[in-house]
Q: 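Okay, here's the structure, questions in a sec.
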Amino acid sequence: MPRPSMKTERKEQVLAAYVRAVSKHGLSGATLETIAGEAAMTRPLVRHHLGNKEEMFEQLVEHIVGEFSRQTRLIADALPESRRIAALIELLFGMPEDTTAELIFVFAELTLKSVSDKALAARLCASIAEFENLLAAEVIAEFPAASVENTRAVAHGIMAIYFNNVSLAPLAPNTHDARNAVGILIQSLEPVAQQTLKQREPLK
């Protein structure tokens, strides 16, 4: 595999600095000066790699959406053939918090901006849907007898707990409680699945 060019590496460095700046100061506070400080570069060099204000923002959105998609694929590829739900929960609550938290902080900033930007809202919704669909597919595979409505509700709950836990990372949340909450959600499908199986059994 060829080594990335210096230009590509520099651009990735600047984008990473942009993400850090937004996660610390918000979109309005992520100025050329703060981004340059995070990247240890001059402002003209940041502008050279990211372009004007509109181009900078577009590249930020592309980067965040792309990173969410990449991490979703990495999680899917990392799941073993058996005990996939247990492995999935371990992956979600065992991922490095620093980088993941930064992405979610920036995603939250973009979400606020999407209130007045329908095109941005659609892109963010598609990104979230990709992640939630992964969770739903795994829950459905684990509990095929449960209703799709219930399994998707549990998948949504897992996603909400995960995002909440990561977004509260600076406050050192109790990850153990978050895992327990996810476990309770998943266990709630067991009696539902068993009841569904009974209803499907032919009368003797």
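Quick caveat, the model's predicted, so the values are computed rather than measured. The figures that follow rest on heavy atoms only: side chains count, while hydrogens, waters and symmetry mates do not.
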Q: Between atom CD of Glu62 and atom CD of Glu67, what is the distance when rounded to the nearest 0.5 Å?
A: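 It comes to 12.0 Å.
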Q: Which atom names give the shortest non-hydrogen contact between Ala30 and His25, and what distance separates them?
A: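 Closest approach of Ala30 to His25, heavy atoms only: N-CB, 4.3 Å.
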Q: Roughly how far, to the nearest 0.5 Å, is the CG atom of Leu15 from the CE atom of Met56?
A: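 The CE atom of Met56 sits 9.0 Å away from the CG atom of Leu15.
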Q: At what distance, to the nearest 0.5 angstrom, does CZ of Phe131 lie from CD of Gln71?
A: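 Answer for the CZ-CD pair, Phe131 versus Gln71, is 9.0 Å.
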Q: With sequence neighbours excluded, what pairs up with Lys113 under the side-chain hydrogen bond (donor to acceptor under 3.5 Å, both in side chains) test?
A: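 None.
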Q: Can you tell me if Asn133 uses its side chain to pair, donor with acceptor, with the backbone of Ala129 under 3.5 Å?
A: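 Between the backbone of Ala129 and the side chain of Asn133 there is a qualifying donor-acceptor contact (under 3.5 Å).
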Q: Would Phe107 and Phe68 count as a ring-ring contact (aromatic ring centres under 6.0 Å, His included) here? Give the steps.
A: CA-CA 9 Å; Phe107 198 98; Phe68 264 90; 4.8 Å; yes
Q: Evaluate salt bridge (Lys or Arg N to Asp or Glu O under 4.0 Å) for Glu58 paired with Arg123, printing each intermediate quantity in order.
A: CA-CA 12 Å; Glu58 175 60 26; Arg123 293 169 73 181; 3.2 Å; yes
Q: Any chance you could measure Ile85, atom CD1, to Glu90, atom CD, to the nearest 0.5 Å?
A: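 Taking CD1 in Ile85 and CD in Glu90, the distance rounds to 13.5 Å.
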Q: Considering residues at least two apart in sequence or located in another chain, which fulfil the side-chain contact (heavy atoms from CB on, under 4.5 Å) criterion with Glu55?
A: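 Result, side-chain contact (heavy atoms from CB on, under 4.5 Å) vs Glu55: Asn52.
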Q: Using modelled atom types only, decide if a donor and an acceptor are shared between the side chain of Glu38 and the backbone of Arg20 within a distance under 3.5 Å.
A: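 The answer is no, because no donor-acceptor pair under 3.5 Å joins these two groups.
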Q: Which heavy atom of Asn150 sits nearest to which heavy atom of Leu189, and what is that distance?
A: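 Heavy atoms of Asn150 and Leu189 come nearest at CB-CD2, 3.8 Å.
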Q: What closest approach, in Å, do Gly29 and Thr34 show between heavy atoms, and which atom pair accounts for it?
A: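 Minimum heavy-atom separation between Gly29 and Thr34: O-OG1, 3.1 Å.
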Q: Indicate, with yes or no, if Met159 and Phe105 share a hydrophobic cluster defined by side-chain heavy-atom contacts under 4.5 Å among Ile, Leu, Val, Met, Phe, Trp and Tyr.
A: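 No, no single cluster joins them.
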Q: If two hydrophobic side chains count as joined below 4.5 Å and joins carry through other members, does Leu88 share a cluster with Val139?
A: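 Leu88 clusters together with Val139.
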Q: Using the test ring pair (Phe, Tyr, Trp, His ring centres under 6.0 Å), find all partners of Phe57 that sit at least two apart in sequence or belong to another chain.
A: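 Partners of Phe57 by the ring pair (Phe, Tyr, Trp, His ring centres under 6.0 Å) criterion come out as none, since no residue qualifies.
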Q: Please report the interatomic distance CG(Asn180) to OG1(Thr175), rounded to the nearest 0.5 Å.
A: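 Between atom CG of Asn180 and atom OG1 of Thr175 there are 11.0 Å.
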Q: In terms of hydrophobic clustering (I, L, V, M, F, W, Y; side-chain heavy atoms under 4.5 Å; direct or indirect links), are Tyr18 and Met41 co-clustered?
A: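 Cluster IDs for Tyr18 and Met41 match.
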Q: Under the side-chain hydrogen bond (donor to acceptor under 3.5 Å, both in side chains) test, which residues partner Asp117, sequence neighbours left out?
A: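 By the side-chain hydrogen bond (donor to acceptor under 3.5 Å, both in side chains) rule, Asp117 matches no residue at all.
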Q: Using every non-hydrogen atom in the two residues, find where Val166 and Ala101 come nearest and quote the distance to one decimal.
A: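 Closest approach of Val166 to Ala101: CG1-CA, 3.5 Å.
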Q: Is Glu33 reaching over with its side chain to a backbone N or O of Arg43, donor-acceptor style, under 3.5 angstrom?
A: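 Not at all, since once roles are kept as given, no pair shorter than 3.5 Å links the two residues.
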Q: Would you give the length of the straight line joining atom CG of Leu120 to atom SG of Cys125, rounded to the nearest 0.5 angstrom?
A: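 Atom-to-atom, Leu120:CG and Cys125:SG are 9.5 Å apart.
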Q: Could you walk me through whether Leu135 and Leu92 pass the side-chain contact (heavy atoms from CB on, under 4.5 Å) test, one step at a time?
A: CA-CA 11 Å; Leu135 299 178; Leu92 291 180; 3.9 Å; yes
Q: side-chain contact (heavy atoms from CB on, under 4.5 Å) with Val19: which residues, sequence neighbours excluded?
A: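 Val19: side-chain contact (heavy atoms from CB on, under 4.5 Å) contacts with Leu60, His63, Ile64, Glu102, Val106.
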Q: Using the rule given for side-chain contact (heavy atoms from CB on, under 4.5 Å), can you reason through Val182 versus Val154, listing the C-alpha separation, both sets of side-chain angles and the distance that settles it, and then say yes or no?
A: CA-CA 8 Å; Val182 169; Val154 166; over 6 Å; no
Q: Which pair of non-hydrogen atoms, one from Thr151 and one from Ile140, has the smallest distance, and what is that distance?
A: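 Nearest pair, atom of Thr151 first, then Ile140: OG1-CG1, 3.2 Å.
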Q: With a 4.5 Å limit on heavy-atom distance, are the side chains of Ile158 and Ile89 in contact?
A: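 A side-chain contact under 4.5 Å exists here.
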Q: Could you go through the side-chain contact (heavy atoms from CB on, under 4.5 Å) check for Gln59 and His49 one step at a time?
A: CA-CA 10 Å; Gln59 291 196 63; His49 286 293; over 6 Å; no
Q: Can you say whether the rings of Tyr162 and Phe93 are parallel (under 30°), tilted (30 to 60°) or perpendicular (over 60°)?
A: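 Correct class here is perpendicular.
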Q: Count the heavy atoms belonging to other residues, nucleotides or ligands that lie under 6.0 Å from CZ of Arg179, then report whether that count exceeds 12.
A: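 Enclosed.
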Q: Please list, one pair per line, the donor and acceptor atoms closer than 3.5 Å that link side chains of residues 73-83 to other protein atoms, with sequence neighbours excluded.
A:
{"from": "Arg73", "atom 1": "NH1", "to": "Ser69", "atom 2": "OG", "distance (Å)": "2.8"}

Q: Assess whether side-chain contact (heavy atoms from CB on, under 4.5 Å) is satisfied between Ile186 and Glu142, documenting all intermediate values.
A: CA-CA 10 Å; Ile186 292 172; Glu142 184 83 6; 5.7 Å; no
Q: So, for Ala36 and Val46, which heavy atoms are closest and what is the spacing to 0.1 Å?
A: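 The answer is CA-CG2, 3.8 Å.
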